[in-house]
There are 2 protein chains.
Amino acid sequence: MNNNAWGALSDDTRREIVMLLRSRPHTAGEISDQFELAPATVSHHLSVLKGCGLVKCERRAQTLIYSLNQSAFRALAKELTKLYS
Amino acid sequence: MNNNAWGALSDDTRREIVMLLRSRPHTAGEISDQFELAPATVSHHLSVLKGCGLVKCERRAQTLIYSLNQSAFRALAKELTKLYS
DNA sequence: CCTGTATTTCGATTGTTTTCTAATTATAGA
DNA sequence: TCTATAATTAGAAAACAATCGAAATACAGG
């Protein structure tokens, strides 16, 4: 599903992650703590979101900090608009 | 995947169907003719799009005429905007 | 009522996604 | 270098989705 932002957003958990990141960047651990899922599972969801460009991440010592890629969302919004109007 | 518009749009064929319908309503047969897929498969895709409200359909004698549900797309666009901004 | 056309539904198969546990990588600090 | 912490990757099980051919439904016209 790499590269398919629609597919990335089709999962409930991933949309919740996006909403979390909307307020501010979070570390992988902080994100993981919000869900009743194994850290590996959340890590997988983060990699899907990263794979299609909707989120980006940068390392800071041991932690990885994830944040939204606003421009990817704007591009997707544009694509959606073109789809129906 | 019923009710999940993101999931509905995650499939290439379904996005192509949406683009077809953007110009004007089409019968199931006309839609099916545009793809190298069995009619049953296209019918399935139409039912997914219908299930999440992105398209609607009405019967006209033997044929079913599919068209976009613009308001569902607008609602989705709004949801997308809320997701990141 | 029977036949033909349009389309869907059913059931099976194959491929993909979600989720987990266990093992691995990356980094910091003693 | 060794240990601890943060997070990912690997591999497997289970759930889900895409696709097809065959059978079923809906309707129109003779």
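Remember, predicted model here, so these are calculated numbers, not experimental data. To find a chain, count down the sequence lines: A is the first, B the second, and so on, and within it residues start at 1.
Hydrophobic clustering (ILVMFWY, side-chain heavy atoms < 4.5 Å, transitive): B:Leu21 and B:Phe35 are in one cluster.
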* For DNA chain D, what is the dot-bracket line, given that a base pair needs Watson-Crick (N1 to N3, plus N6-O4 or O6-N4) or G-U wobble (N1-O2 and O6-N3) geometry with both distances under 3.5 Å, and | means paired with another strand? -> ||||||||||||||||||||||||||||||
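Although no hydrogens or angles enter the test, the distance criterion places a donor-acceptor pair under 3.5 Å between the side chain of B:Ser85 and the main chain of B:Thr81. The main-chain N or O of A:Leu9 is found under 3.5 Å from a side-chain atom of A:Arg15 such that the two form a donor-acceptor pair.
The distance between atom CG of A:Asp11 and atom C1' of C:dT19, rounded to the nearest whole Å, is 11 Å. One can place CG of B:Leu9 at 16 Å from C1' of D:dA18, the figure rounded to the nearest angstrom. For the pair B:His26 NE2 and C:dT7 P, the computed distance is 12 Å after rounding to whole Å. One atom, CH2 of B:Trp6, and another, P of D:dC16, lie 22 Å apart when rounded to the nearest Å. In this structure, the CZ atom of A:Phe35 is 12 Å from the P atom of C:dC20, given to the nearest Å. Remark: P of D:dC16 and CG of A:Asp12 are 12 Å apart, rounded to the nearest angstrom. Taking atom CG of residue B:Asn4 and atom C1' of nucleotide D:dC16, one finds them 13 Å apart after rounding to whole Å.
Within 6.0 Å of CZ on B:Arg59 lie more than 12 heavy atoms contributed by other residues, nucleotides or ligands.
Nearest-nucleotide positions on DNA chain C place A:Ala38 closer to the 5' end than the other of A:Arg60 and A:Ala38.
Residues forming a ring-ring contact (aromatic ring centres under 6.0 Å, His included) with A:Phe73 (at least two apart in sequence, or on another chain): B:Tyr84. In this view, A:Asn69 and A:Ser71 satisfy the side chain to side chain donor-acceptor pair (under 3.5 Å) rule, not counting sequence neighbours.
Within the structure, a side-chain polar atom (N or O) of A:His45 is placed less than 4.0 Å from OP1 or OP2 of C:dT19.
Contacts classified as salt bridge (Lys or Arg N to Asp or Glu O under 4.0 Å) and involving residues 68-85 of chain A (residues at least two apart or in different chains) are not found. The salt bridge (Lys or Arg N to Asp or Glu O under 4.0 Å) pairs that include a residue from residues 26-38 of chain B are B:Arg24-B:Glu30, where partners are two or more places apart or lie in different chains.
The side chain of A:Arg14 lies closest to C:dT18 when the candidates are D:dT19, C:dT18, C:dT19.
Nearest approach of B:Gln34 to B:Leu20, heavy atoms of both residues: CG-CD1, 3.5 Å.
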Can you tabulate the close N/O pairs, meaning under 3.5 Å, that link protein atoms to atoms of nucleotides 1-8 of chain D?
| unit_1 | atom_1 | unit_2 | atom_2 | d |
| --- | --- | --- | --- | --- |
| D:dA7 | OP1 | A:Ala28 | N | 3.3 |
| D:dA7 | OP1 | A:Gly29 | N | 3.4 |
| D:dA7 | OP2 | A:Gly29 | N | 2.8 |
| D:dT8 | OP1 | A:Tyr66 | OH | 2.3 |
| D:dT8 | OP2 | A:Ser43 | OG | 2.7 |
| D:dT8 | O5' | A:Ser43 | OG | 3.0 |

